[in-house]
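Within every chain, numbering begins at 1; the chains are lettered A, B, ... in the order of the sequence lines, protein sequences first and strands thereafter.
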Amino acid sequence: MNVEQRNHLLMCFRLTYLADSMVNWCPALGTVLANDEVKDGVSERGGHPVVQKKMRQWSMRISAFAERLLNGLEQIDWPENIKEIQRNWIGKSSGATVLFNIEGHEGQIEVFTTRPDTIMGVAFVTLAPEHPLVSSITTPAQKSVVDEYVAQAALKNERDRQVNAKEMSGVATGAFAIHPLNGQKVPIYIADYVLAGYGTGAVMAVPAGDQRDWDFAQQHQIEIPLIFDNHDASESACSSKDVPLINSDFLNGLCGKTAFDKAVEALAAEEMGEVKTNYRLRDAVFSRQRYWGEPFPVYFENGISKMIPTAELPVQLPEVDKYLPTEDGEPPLARSQWKYQNQFVMEYNTMPGWAGSSWYFLRYMDPHNDRFIASPEAMQYWGQVDLYMGGAEHATGHLLYSRFWTMILHDLGHVPFAEPFQKMINQGMILGRSNFVYRIKDSNTFVSADLRKNYTTQRLYADISLVDNDKLDTEKFKQWLPEYAEAEFILNEKGEYLCGFEIEKMSKSKYNVQTPDELVEKFGADTLRCYEMFLGPVEQSKPWDTKGINGVYNFLRRLTRLYKNEQGESLMTLTPADKTSLQTLHRTIKKVTDDLNRYSWNTVVSTLMIAVNELTEQKCHSKEVLQDLVILLSPYAPHLAEELWETLGNTTSVLDAHWPVANTQFLEDDTFSYPVSFNGKMRYNIDLDVHLDAKAVESAVLTHEKTAHYLEGKPVKKIIVVPKRIVNIVF
RNA sequence: GCCCUGGUGGUGGAAUCGGUAGACACGCAGGACUUAAAAUCCUGUGGCCAGUGAUGGCUGUGCGGGUUCAAGUCCCGCCCGGGGUACCA
């Protein structure tokens, strides 16, 4: 092999390779896009049209990692929906490839099918319009219709194809395929329901067993071979996989895996088919026609790509006069006439955004290392990212590419783990709470929401700054917009104008945007922070309803009053805390610590509120309690915590304090209040010593004065005692 | 269509392993303090019914079944909301 041939062969195996491939070209953005950057046929950023175009581009062979990316999901603690999105994107599908000879033609058509067992039901073969064999097999008689269909299909983007999905368009090529097992001739069609980019771009059509094939056969009046027992195929294809086959020669009476295996075996014996696993995941285009991106450390010598020697790295972006493509469509870097050693043309494409986002977290471990990503010691010390908090929108992009790169670096021995992010939580979106006023049709009169049923009204947004607790400030409303200056109002019985509301995304046009700035100004950053935590579980989307923020504000002020009086003088005492206060403290330490560990941040705030309520009631100002309490508070209200920490006489930061440990001796009461149920219905509570065994609890309950009353004179059938939980009497 | 989620008071939510449903907070109602307001504090607050009252009864976690001494929690079948995804052969 000469150098060129060898290079070409290597490109077929390299992790990052140059190849002519169909790419998503976005003319408006002037660059190619990866599959995950295209949604519904338009660019994710900006929504510009995207067309398919053949271009020479760098790609990364992520498809070679499909199986590992799939299996790796079992090892990581991620939300199920993200795992599912990745599984679908990888799109593993088990089946077989089958070869069809073509009558009077040397080539073969390779199809991918998940149902080789239905091989005897093949009625026709369909190629994608872009399939390479189309032009050579088409008969002269069909040439004009085929050419026209191919040309039309090329003009349609994926979105257009889907719009007329029900039509099942397609045309015959005039050519015939030879069935690999029974030698029968079946017609070859082209149709855009077959996608060039998936499988082999060709399918064996079995209308009796596949709904799309059935639809196509119906549309084009193709006879349907019946191959399923008790299924007449006049209404639809047979959707079940467990129906015995008929009219299928050696497969008759079989179904499921048995039939699958036997069919593949027969095909393999003829060398006309084999088991194949197919993935939807495509290799990822790795070059962009942009200036701002990492440059490739690559130059070209006689058309062959070569790496810049490691010792000469890093490669720096050259200066250009404009950050725009050249007049003849070359990437911006081409403006620089950039050359290596003044003679070899450099690669003018740059890397995409995901080149950097795939590994930046590794760099955090050792940011000043100028030899390597991070030292082995640093990587060993820090290990995987323990918790990744982020949005689900990166599921098929960044979150997949990061896993891919980490696997590569792990394989190369550079990183001690194969999965980058051990645990992930998707935070929910904070939604707005819009307010509405109701204008009576064809008038300038607005009716209170509770009375609007009596009128025909039009619902209009009212700026939330004009509304307090759903009550509209009618005077402010009139001043708000000129069109409302003369507005009149129908008030409810209480003389108030009540607004309607809805929970939706925040948006200027909905007048429901509440910026944190106003709240920080009014309540302080600590209150805002605590309130955001208090709203509900982090994973949940939730309304930004600011009504409740007062409650959190009050809590922090109540807490402060344990430490200082109104004049700012310390109330702290050095006398030992009494047992009740220590119980409050240690139960709080335990609950807060447990809740933090299970990411239940909203209940941490509740727990601290309960502690403050209890300590206020106990009039506890003991340093021994207050000191630990302020540490528990510090992740939630860091500024206040720091201030109170200082009030207690500390000279270091609260952030350096040790997290308190709950003392078990204060966690339990001497007595437990047993709920006593009769036939599962809770009737009364009885305080008993916690150390009593089940037998003793049982007799205490049975002799209790109320028990006889609830038994209604009937005998006890059974009594269940769960120590420190419940007693249930069955009668 | 398929996949993943979720559904609990007037509101946000709690109930972690099948064991007292509604913690905590908002809101609301009543009260104290105040010339008044704010702030603060106290009491009550799922629904229905009975009682002057303490209290008692029934009912209740989207709907219908089931398992269990015991179900918001587990199982089966539905309904509705949110998100993802698809001519994937």
- Roughly how many Å is it from OH in Tyr189(A) to P in rC87(B), rounded to a whole number? 23 Å
- Watson-Crick/G-U partner (both atom distances under 3.5 Å) of rA71(B): none
- Task: Take atom CD of Glu617(A) and atom P of rC41(B), then tell me their distance rounded to the nearest Å.
- Result: 12 Å
- Item | Pair partner, rA50(B) [Watson-Crick or wobble, under 3.5 Å] | rU55(B)
- Query: Would you call Asp210(A) and Arg212(A) a salt bridge, using N to O less than 4.0 angstrom?
  - Reply: yes
- Message: Go nucleotide by nucleotide along RNA chain B from the 5' end; which of Arg598(A) and Val605(A) gets its closest nucleotide reached first?
- Response: Arg598(A)
- Note on the structure: In Watson-Crick or G-U wobble terms, with both distances under 3.5 Å, the base opposite rU34(B) is none
- Looking across every strand, which nucleic acid part, if any, lies under 4.0 Å from Met682(A) by heavy atom: base, sugar-phosphate, or nothing? base
- Task: Measure up the Phe672(A) and Tyr674(A) rings against each other and bin them: parallel (under 30°), tilted (30 to 60°), perpendicular (over 60°).
- Result: perpendicular
Could you go through residues 721-731 of chain A and list every donor-acceptor pair under 3.5 Å that involves a side-chain atom there, pairing it with any protein atom two or more places apart or in another chain?
residue: Lys724(A); atom: NZ; partner: Glu668(A); partner atom: OE2; Å: 3.1
residue: Asn728(A); atom: OD1; partner: Gly680(A); partner atom: N; Å: 3.1

- Task: Scan every strand shown for a Watson-Crick or G-U wobble partner of rC28(B), both distances under 3.5 Å, and answer none if you come up empty.
- Result: rG44(B)
- Message: Tell me if the aromatic rings of Tyr684(A) and His704(A) count as close, with their centers under 6.0 Å from one another.
- Response: yes
- Message: Between Phe216(A) and Tyr189(A), is the ring centroid distance below 6.0 Å?
- Response: yes
- Query: Watson-Crick or G-U wobble partner for rG81(B), using a 3.5 Å limit on both distances?
  - Reply: rU5(B)
- Take atom CG of Leu70(A) and atom C1' of rC88(B), then tell me their distance rounded to the nearest Å. 15 Å
- Message: Quick one, Met120(A) with Leu245(A), criterion side chain to side chain contact (heavy atoms under 4.5 Å, CB included). Give me CA distance, side-chain angles, the key distance, then yes/no.
- Response: CA-CA 9 Å; Met120(A) 294 309 194; Leu245(A) 292 158; over 6 Å; no
- Task: Whole angstrom is fine here: how far is it from NZ in Lys92(A) over to P in rA89(B)?
- Result: 14 Å
- Query: Using a cut-off of 4.0 Å on non-hydrogen atoms, how would the nucleic acid contact of Arg683(A) be classed: base, sugar-phosphate, or nothing?
  - Reply: sugar-phosphate
- What is the nucleic acid contact for Lys681(A), judged by heavy atoms within less than 4.0 Å: base, sugar-phosphate only, or nothing? sugar-phosphate
- Item | Electrostatic pair Glu532(A):Arg529(A) at N-O distance under 4.0 angstrom | no
- Task: Report yes if a side-chain nitrogen or oxygen of Tyr674(A) is closer than 4.0 Å to either non-bridging phosphate oxygen (OP1 or OP2) of rU20(B); otherwise report no.
- Result: no
- Whole angstrom is fine here: how far is it from CE in Met168(A) over to C1' in rA89(B)? 11 Å
- Item | Length of the OH-P vector between Tyr198(A) and rU85(B), whole Å | 17 Å
- Query: rC69(B) and rU52(B): how far apart are their P atoms, nearest whole angstrom?
  - Reply: 42 Å
- Task: Quickly work out the Arg87(A) CZ to rC2(B) P distance and round it to whole Å.
- Result: 19 Å
- Task: For the pair Glu614(A) and Lys619(A), find out whether any cationic side-chain nitrogen is under 4.0 Å from an anionic carboxylate oxygen.
- Result: no
- Pull out every residue in residues 722-731 of chain A that has a heavy atom closer than 4.0 Å to any atom of RNA chain B, ordered by number, or say none. Val722(A), Arg725(A), Ile726(A), Asn728(A), Val730(A)
- Atom CG of Asn426(A) and atom P of rG84(B) are separated, to the nearest Å, by 12 Å
- Side-chain N,O (Asn550(A)) to OP1/OP2 (rA25(B)) below 4.0 Å: no
- Task: Ignoring hydrogens and angles, answer whether the base of rU16(B) and the side-chain atoms of Lys591(A) contain a donor-acceptor pair closer than 3.5 Å.
- Result: yes
- Query: If you look at every strand shown and take non-hydrogen atoms under 4.0 Å, does Asp595(A) touch a base, only sugar-phosphate, or nothing?
  - Reply: base
- Note on the structure: For rA21(B), the nucleotide meeting Watson-Crick or G-U wobble distances (both under 3.5 Å) is none
- In terms of side-chain geometry, is the basic nitrogen of Asp594(A) or Arg598(A) positioned less than 4.0 Å from the acidic oxygen of its partner? no
Quick test: give all pairs of protein nitrogen or oxygen and nucleotides 3-5 of chain B nitrogen or oxygen below 3.5 Å, distance rounded to 0.1 Å.
residue: rC3(B); atom: O2'; partner: Glu84(A); partner atom: OE2; Å: 3.0
residue: rC4(B); atom: O2'; partner: Asn81(A); partner atom: N; Å: 3.4

- Note on the structure: Judged by nearest nucleotide, the residue sitting upstream toward the 5' end of RNA chain B, Pro675(A) or Met609(A), is Pro675(A)
- Query: Is the shortest distance from a Lys or Arg side-chain nitrogen in Lys92(A) or Glu67(A) to a carboxylate oxygen in the other one below 4.0 Å?
  - Reply: yes
- Item | Arg558(A) vs rA25(B): side-chain N/O to OP1/OP2 distance below 4.0 Å | no
- Can you tell me the pairing partner of rU16(B) across any strand shown, Watson-Crick or G-U wobble, with both distances under 3.5 angstrom? none
